[in-house]
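Let me begin by presenting the structure, written as structure tokens, before commenting on it.
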Amino acid sequence: MQVRSSSMRASGVRAAPRAAPATGRAARRVSVAAAKEKKEIMMWEALREATDEEMERDPTVCVMGEDVGHYGGSYKVTYGLYKKYGDMRVLDTPICENGFMGMGVGAAMTGLRPIVEGMNMGFLLLAFNQISNNCGMLHYTSGGQFKVPMVIRGPGGVGRQLGAEHSQRLESYFQSIPGVQLVAVSTVANAKALLKSAIRSDNPIIFFEHVLLYNVKGTVHDGDYCQPLEKAELVREGTDVSIFTYSRMRYVVMQAVAELEKRGYNPEVIDLISLKPFDMETISNSIKKTRKALIVEECMKTGGIGASLSAVISESLFDELDHQVMRLSSQDVPTAYAYELEAATIVQPEQVVNAVEAMCSKVAARA
Amino acid sequence: MGAPSSGSRTMMASMTSQASARRASVRAAGPQRAALRVRAVATTAKKDVAPSATGKSAITPEAAKDVYYDMVLGREFEEMCAQMYYRGKMFGFVHLYSGQEAVSSGVIRLLRPDDHVCSTYRDHVHALSKGVPAREIMAELFGKATGCCRGQGGSMHIFSAKHGVLGGYAFIGEGIPVGVGAAFKSAYRRQVLGEESSDSVTVSFFGDGTCNVGQFYESLNMAALYKLPHIFVVENNKWAIGMNHPRATARTLGDEDPFIYKKGPAFGMPGVLVDGMDVLKVREVAQEAIARARRGDGPTLIEAETYRFRGHSLADPDELRSKEEKAKYAARDPIPQLKEYMLKSGLATEAEIKEIHDKVTAEVEDSVKFADESPKPDMSQLLENVFADPRGFGIAPDGRYRYEMPGFTTGTAQVS
């Protein structure tokens with residue numbers, strides 16, 4: 001049974017001060033508008049805009065999930081949309097993840113484009129049957145007769161002392177499922193642009209948001225901009241090392257980068273965006289330049305996104321590397337409730353700094 | 001208000017299980033609402049006269065012959081599958097429907113082309129009844145490129161977009177929400193897209209074993225809650241591989257048997273028990289359920305008491321079921337039952353019936369010949385249908401999308 005902890009509702013939904021992370025973390029504005037005076041919005045608003053725009057554009061787009069309608073979504077992504085689109089297009093489901101995920105599949109097969117929300121991505125463990133067997137495989141087993149144009153989205157990742165079950169990283173569990181794409185958003189701009197693309201895609205897209213990023217501020221792209229789902233984002237161009245990351249860890253990495261810059265390093269930072277498939281063009285171009293790869297992720301070390309990426313890099317770019325691929329991942333432990341223990345299970349900026357220094361100095365010493 | 005009175009009602013009803021077997025009523029929750037009472041055609045006794053008699057005489061000769069043809073086709077096809085399996089033409093897990101034809105024909109022959117059907121792994125005959133050509137299914141079972149799923153699905157995954165067959169599922173229970181989703185789309189067309197005349201229905205078929213899977217209950221709830229045009233048909237053949245129904249399912253309160261149809265009212269829809277060996281009885285119950293759904297009155301749960309003459313699959317030694325039980329149901333074989341009825345009521349002549357059998361034999365033999373002569377799948381099929389949008393395989397180191405690489409169409413490209 002999923003326990004709806006009040007702390008989960010509180011973070012990012014009602015009480016802003018309690019929810020907004022401390023300085024240096026997700027509250028940091030990384031994407032700042034250029035010369036123009038563009039209005040800054042929060043990530044939940046950007047996701048809401050994307051949903052609203054796509055629903056207006058295409059009447060077959062609909063939303064299904066727990067409390068997405070009258071409650072407005074536990075992270076406000078569908079706030080007020082039921083008033084505009086009605087109870088059927090913004091469907092409040094009972095608590096039955098496997099059931100309503102399957103219902104979304106059937107609706108998708110017969111012509112709708114459902115966006116199915118997991119109130120927390122962890123809850124989708126209950127929908128694993130439908131996601132693996134049906135979302136991922138039906139297009140293939142039906143010989144191409146049916147497509148499943150669904151978006152499965154929701155908040156995941158480690159929050160603020162939410163306890164082990166509400167702090168899960170399902171991207172590593174889902175990554176082996178054939179026939180699905182995994183996308184992780186990190187900024188206001190890419191959140192909106194990627195959600196638009198995901199909704200328009202004919203493939204089933206598992207769309208990872210992060211519990212602590214909903215109040216991140218930034219600007220969105222102009223107009224009807226849709227970002228390609230398969231491309232990674234160059235966050236910072238550099239020469240010393242390629243740091244591959246995604247979701248909230250992007251901010252952890254950039255925090256570390258601020259310190260690394262002071263120490264004279266020039267790291268390249270790439271936000272994977274597409275956790276599956278990997279954008280091998282961006283990844284290999286970067287590694288060929290820096291000859292060092294560091295993966296910084298929030299999922300568990302064992303069987304994580306980094307495990308797959310590390311293997312692919314080692315296999316295909318071995319001769320381009322001066323150092324073994326390094327991974328910084330969460331500990332293979334359940335996320336504890338206590339603050340200090342929780343902080344110890346996930347990657348902190350100091351670890352990133354140390355890893356870069358170690359890699360660069362080791363390579364320099366050999367030279 | 002609701003709790004005490006409805007509680008005592010339930011107790012009384014369950015004590016008189018005969019009466020309860022004939023009636024399934026829905027009691028609304030709130031005191032202000034009038035009780036929703038739905039007549040249920042529910043009987044396992046062949047002697048029951050009242051509703052079914054009307055149903056039987058109402059069938060036209062054309063409809064009777066259509067249903068007879070369909071049942072014979074289902075039986076001959078499945079028996080041919082057994083032969084082909086033992087001759088090494090089809091492989092893996094093959095689950096045959098022989099004996100249960102009355103349910104498939106009784107329900108599906110009433111449906112329109114724009115209606116949908118969703119099944120489990122015992123899906124060949126549901127697909128045949130819905131109009132999928134025998135050739136396409138046999139070729140699929142032989143693993144050929146001309147199969148309805150290009151040889152990629154197999155026995156447990158029969159799909160047809162053209163004929164509204166939504167699958168074919170290996171994990172029991174996982175197909176039911178999909179069927180509910182198709183019903184959701186039908187209601188959506190009416191309520192959101194404004195297509196007033198949209199009234200297509202979806203029927204999901206599954207067995208007694210499935211009725212203990214959580215998704216069954218989740219689906220019952222959602223279908224009733226959203227008043228979806230979905231019909232749940234339980235083909236209760238008493239056995240889930242080697243688990244006899246009463247060993248796996250608790251008895252409904254006060255009853256000797258675990259009645260599945262009684263779970264319908266608990267979830268807000270009528271539950272109907274029907275003799276699944278009598279195609280005309282099944283047909284009558286299905287007519288009412290389909291009409292209900294088209295009207296917008298919501299779902300129905302139909303429990304059809306039926307039997308599979310063969311084992312769970314062709315790999316099942318079928319040692320647990322008694323000879324007596326098998327003989328009892330063999331005597332109720334739906335096909336000779338209907339034949340006898342048609343001859344007696346003048347719905348068909350001996351000659352017409354023989355013609356049907358000959359046609360079916362020809363159709364089934366043709367399907368085998370077609371499957372035999374069909375080509376095997378090309379290696380291009382390894383990667384082609386994984387994604388509807390092939391960009392899903394991502395971008396290769398040289399900047400091209402992987403599906404643009406030469407090896408993609410020969411199934412040799414590296415895609416990860």
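Naming convention: chains lettered A, B, ... in sequence-line order (proteins, then strands); numbering from 1 in each chain. This is a predicted model, so every value here is computed, not measured.
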Please confirm whether the backbone N or O of B:Gly164 pairs with a side-chain atom of B:His116, one donor and one acceptor, at under 3.5 Å? no
Stepwise salt bridge (charged side-chain N to carboxylate O under 4.0 Å, His left out) check, A:Glu54 with A:Lys196: CA-CA 7 Å; A:Glu54 293 304 302; A:Lys196 284 168 78 74; 3.0 Å; yes
Heavy-atom contact with chain B under 4.5 Å, split by part of A:Met88: both
Does a side chain donor of either B:His95 or B:Ser155 reach within less than 3.5 Å of an acceptor in the other side chain? no
Give, as side chain, backbone, both or neither, the part of A:Phe278 having an atom under 4.5 angstrom from any heavy atom of chain B. backbone
Count the heavy-atom pairs under 4.5 Å between each of B:Val192, B:Asn221, B:Val415, B:Ile176 and chain A, then report the option with the highest count. B:Val192
I'd like to know which of A:Leu138, A:Asn285, A:Leu229 tops the heavy-atom pair count under 4.5 Å against chain B. A:Leu138
Please determine, by modelled atom types, if B:His126 and B:Ser119 share a side-chain donor-acceptor pair under 3.5 angstrom. yes
Verify whether one side chain among A:Thr290 and A:Glu268 offers a donor that lies under 3.5 Å from an acceptor in the other. no
Nearest heavy-atom pair of A:Val148 and A:Asn134: which atoms, and what distance? CG2-O, 4.1 Å
Can you tell which part of B:Arg189 gets under 4.5 Å to a heavy atom of chain A, answering side chain, backbone, both or neither? neither
Contact part of B:Ala182 toward chain A, heavy-atom cut-off under 4.5 Å: side chain, backbone, both or neither? both
Give the member of B:Pro390, B:Gly394, B:Gly153, B:Ala388 that has the highest number of heavy-atom pairs under 4.5 Å with chain A. B:Ala388
Please determine, among A:Asp279, A:Val180, A:Leu91, the option with the most heavy-atom pairs under 4.5 Å with chain B. A:Leu91
Which label fits B:Phe232 and B:His230: parallel for a plane angle under 30°, tilted from 30 to 60°, or perpendicular past 60°? perpendicular
Sort A:Thr93 into side chain, backbone, both or neither according to what part of it lies under 4.5 angstrom from a heavy atom of chain B. both
Does any backbone or side-chain atom of B:Gln381 lie under 4.5 Å from a heavy atom of chain A? Answer side chain, backbone, both or neither. backbone
For A:Ser142, is it the side chain, the backbone, both, or neither that has a heavy atom closer than 4.5 Å to a heavy atom of chain B? both
Using only heavy-atom distances, determine whether the side chains of A:Thr78 and A:Glu117 contain a donor-acceptor pair under 3.5 Å. no
What option among A:Gly144, A:Ser274, A:Gly179 has the most heavy-atom pairs under 4.5 Å with chain B? A:Gly179
Compute the centroid of each ring, for A:His70 and then for A:Tyr82, and state whether the two points are separated by less than 6.0 Å. yes
Taking the six-membered ring for Trp, are B:Phe408 and B:Phe393 ring centroids under 6.0 Å apart? yes
Is it the side chain or the backbone of A:Phe100 that comes within 4.5 Å of chain B heavy atoms, both, or neither? both
Contact leader toward chain A among B:Leu166, B:Val180, B:Leu193, B:Val165, where contacts are heavy-atom pairs under 4.5 Å: B:Leu166
Is it the backbone or the side chain of B:Ser160 that comes under 4.5 Å from a heavy atom of chain A, or both, or neither? both
So which of B:Ala187, B:Gly147, B:Ser219 has the biggest tally of heavy-atom pairs under 4.5 Å with chain A? B:Ala187
Which atoms of B:Phe216 are under 4.5 Å from chain A, going by heavy atoms: the side chain, the backbone, both sets, or neither? neither
Measuring heavy-atom distances to chain B, does A:Met101 have an atom under 4.5 Å in its side chain, in its backbone, in both, or in neither? neither
Which of the residues A:Lys147, A:Met64, A:Glu281 is involved in the greatest number of heavy-atom pairs with chain B at under 4.5 angstrom? A:Glu281
Is there a donor-acceptor contact under 3.5 Å linking the side chains of A:Gln181 and B:Asp389? no
Contact leader toward chain B among A:Val312, A:Asn98, A:Asp202, where contacts are heavy-atom pairs under 4.5 Å: A:Asn98
Residue pair B:Tyr169 / B:Cys118, side-chain heavy-atom distance below 4.5 Å: yes
Could you tell me which portion of A:Ser284 (side chain, backbone, both or neither) has an atom closer than 4.5 angstrom to a non-hydrogen atom of chain B? side chain
